[in-house]
Amino acid sequence: MSSALTVLTVFPSAFNVNGDSENAAVLAQRARWSGHSVDVVRWQPGEPVPAAAPGIVVIGSTTDAALPSAIAELRPHRELLAGWIASGVPVLAIGTGWEILGASIELGGAAGTIAALGLVDGRAVAASARVSNDLVVSSAFGRLIGFENHARNWELASGSTPLGTVVYGRGNGATGTSEGLIQGSVIGTHLHGPVLAKNPSLADHLLGQVIEEYDARTVMSGRVDDIARAARNVIATRLELESE
Amino acid sequence: MTAAPVRYAPAIIAGRLVRIAARMRKRGGGSAVPGLVVNRIAPGFLASVLDGFAGGFVIVSGSSGKSTSTKMLVAILEAHGKSIFTNPSTANIAQGLTSALLERVNLAGRIDAEIAVLEMDEGHGAQIAPSLNPTVVLLTNVMTDQIDRFHDSEKVAAMLKRIAQRASKELIINADDAMLLELACDVDSTAELVRYGVSAEVLANNPRGLGYTREATERLSSDAGTVITHVDGRHATVTLAGTEWPISLPARGTHYAVDAAGALSAAASVLGSDFDPALATATLSAVAPVFGRGEIVTVRGKKIEFVLVQNPASFQLNVDSLQRGLDQVLVAVGSDVRDPSYFWPVDSSPLGSVVAVTGSKAHEIALQLSYQGVQIGSITPDLATALDAFLALPEPQTGIKTVIFTADSMRRTRAHLGLV
Ligand SMILES: [Zn+2]
């Protein structure tokens, strides 16, 4: 690639309650370590839409109270986002940042159910209880380990592909053992916070799609990925799962 | 209040017996148990004792800065000749506080002190607030707190409001915190609103802000309250009733100047016309830092600065206020941080390099530091091993040995190093 890779993070001032937006920085660091130049574009509410299609999009989580206004803010840009997705721009959407891409969000109480952007199939429905715990998922990118904190389940549309199968935790919840969603170039997940730092295989999958001959094996990634593996193993051992 | 001896003497005696029994079973332990017993058999005891201070009853609460503000306020009041009852902050305020009162109370249910100054965690403070009648309430700030509270700063503000509601004489708030300003407007009481804050210049020197969940859009003018007008390292200037005074801070950092402004405002409220600004600022300038908030301790012949990180905002403030280029920093993150995700928005890059990372979440925080470009020496989850190795290192080339830790790691560090 001759020109710099652009990683766009959507509304990072509001969608960063779990540090999810920092996944953009993780992608940028890994790309830089492998010798590529990267621009991280922080698109804030009220700012004009970035003119050019980004290389990768990251959407993090926000609070329930901020969801209606966030959706209203994004709705005028729905067609643009749909265009990016249709052209294969990888999107990582986390927690409520994933929920806003679905059909609707059941907020419950006086807020009721609100329509979301409808960019992916499926919807967020109220769960009987909040889960705030470790989440371990068996996926095509290996075993993913992180943390989930949500009060809603994700109802997959029929025929949808989940990101993986829950090994520990609730994931999409309700019936079945699915977690997350893969639809076209969009990956949605409840694994919040630094999911890409903790699970570099997923980060490298995203980067591999947009950087030709991307090679993740660098001195820095070697050292940092050893730390990530150790962090995953601490959790796996605590949960009495096999370590890597 | 003449009924107090009759009503509470049996409970006080019972509590003391339990205390003796608890100490016999476990030396130094069981400090909350007597409080538990007394609160069971005499639920009105706590409020009755606290209402009995002739010179007033002050509650200090908020997300951070409570310990330093409380320590400063107590020092200022004592310098004015007042006798003070104050508490160490405890995990369970109702039980711990009752136990602390039991240590000092006579059988008439009275404590031989004029004024009570109590530091309260917002959660536990809100629980017991409805039964208390403080004269003055000082609120420091609202910061995004532990992850298991779902980042709900609205909830924290609601708890602080419950405490604020109880102030009978003055409600003192940090006017740079928008959530405190809003809750003060909503409070339904006759208490006078007293405000403190920083000047536009001071705020401009903190480009990342002061860590509050929401910052107020306007700065307080010097004639509207106590205002910090200048901060330079450990030196600051404060305007009290229109007059400027120089003060020294217990450690570097604008947040300590803000704590000082809160303490001065509260002291002026409590003391009224007896308040002597020259005495107050001189006393405050001599206040030693609180452990984990800038205090420098000598351990095994080595000087160490301990820095407590209570939430992401205080992590950021502390990282920003540390001297640049320190070559011996140890970072310890323990099991109190259930989900380390919330530390990821912190810009930890000013640390530059960290010689050791430890605690049960060592790898998690090492990952955060690594992606921020911080060089990492060793990663040793066992805190005792890491501390021993860190202390054994020769003196640093820049600054002093610095330990940044979360609350759980602080407790373990104190225990391991025999610091009480
Ligand atoms: Zn030792």
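Numbered from 1 within each chain, the chains take letters A, B, ... in sequence-line order. These values consider heavy atoms only, across backbone and side chains, with no hydrogens, waters or symmetry-generated copies. Just so it is clear, the structure is predicted and the values come from calculations on it, not from any experiment.
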Under 4.5 Å from a heavy atom of chain B, the part of A/R229 involved: neither
Sidechain-backbone polar pair: A/N199 side chain, A/L202 backbone, donor-acceptor under 3.5 Å: no
Side chains of B/Q368 and B/S348, donor plus acceptor under 3.5 Å: yes
Heavy-atom contact with chain B under 4.5 Å, split by part of A/D225: side chain
Interface residue of largest heavy-atom contact number with chain B, from A/V234, A/D134, A/D20, under 4.5 Å: A/D134
Under 4.5 Å from any heavy atom of chain B - which part of A/R32: neither
Heavy-atom donor-acceptor pair, B/K401 side chain to B/F390 backbone, under 3.5 Å: yes
Option in A/P12, A/G193, A/P194, A/A28 with maximal non-hydrogen atom pairs under 4.5 Å from chain B: A/P194
Polar side-chain atom of A/N233 near backbone of A/E244 as donor-acceptor pair, under 3.5 Å: yes
Between A/V26, A/V224, A/D64, the one whose heavy-atom pairs under 4.5 Å with chain B are most numerous: A/V26
Side chain, backbone, both or neither of B/I379 within contact of chain A (heavy atoms, under 4.5 Å): side chain
Donor + acceptor pair across side chains of A/N133, A/R170 (<3.5 Å): no
Sidechain-backbone polar pair: B/R162 side chain, B/A129 backbone, donor-acceptor under 3.5 Å: no
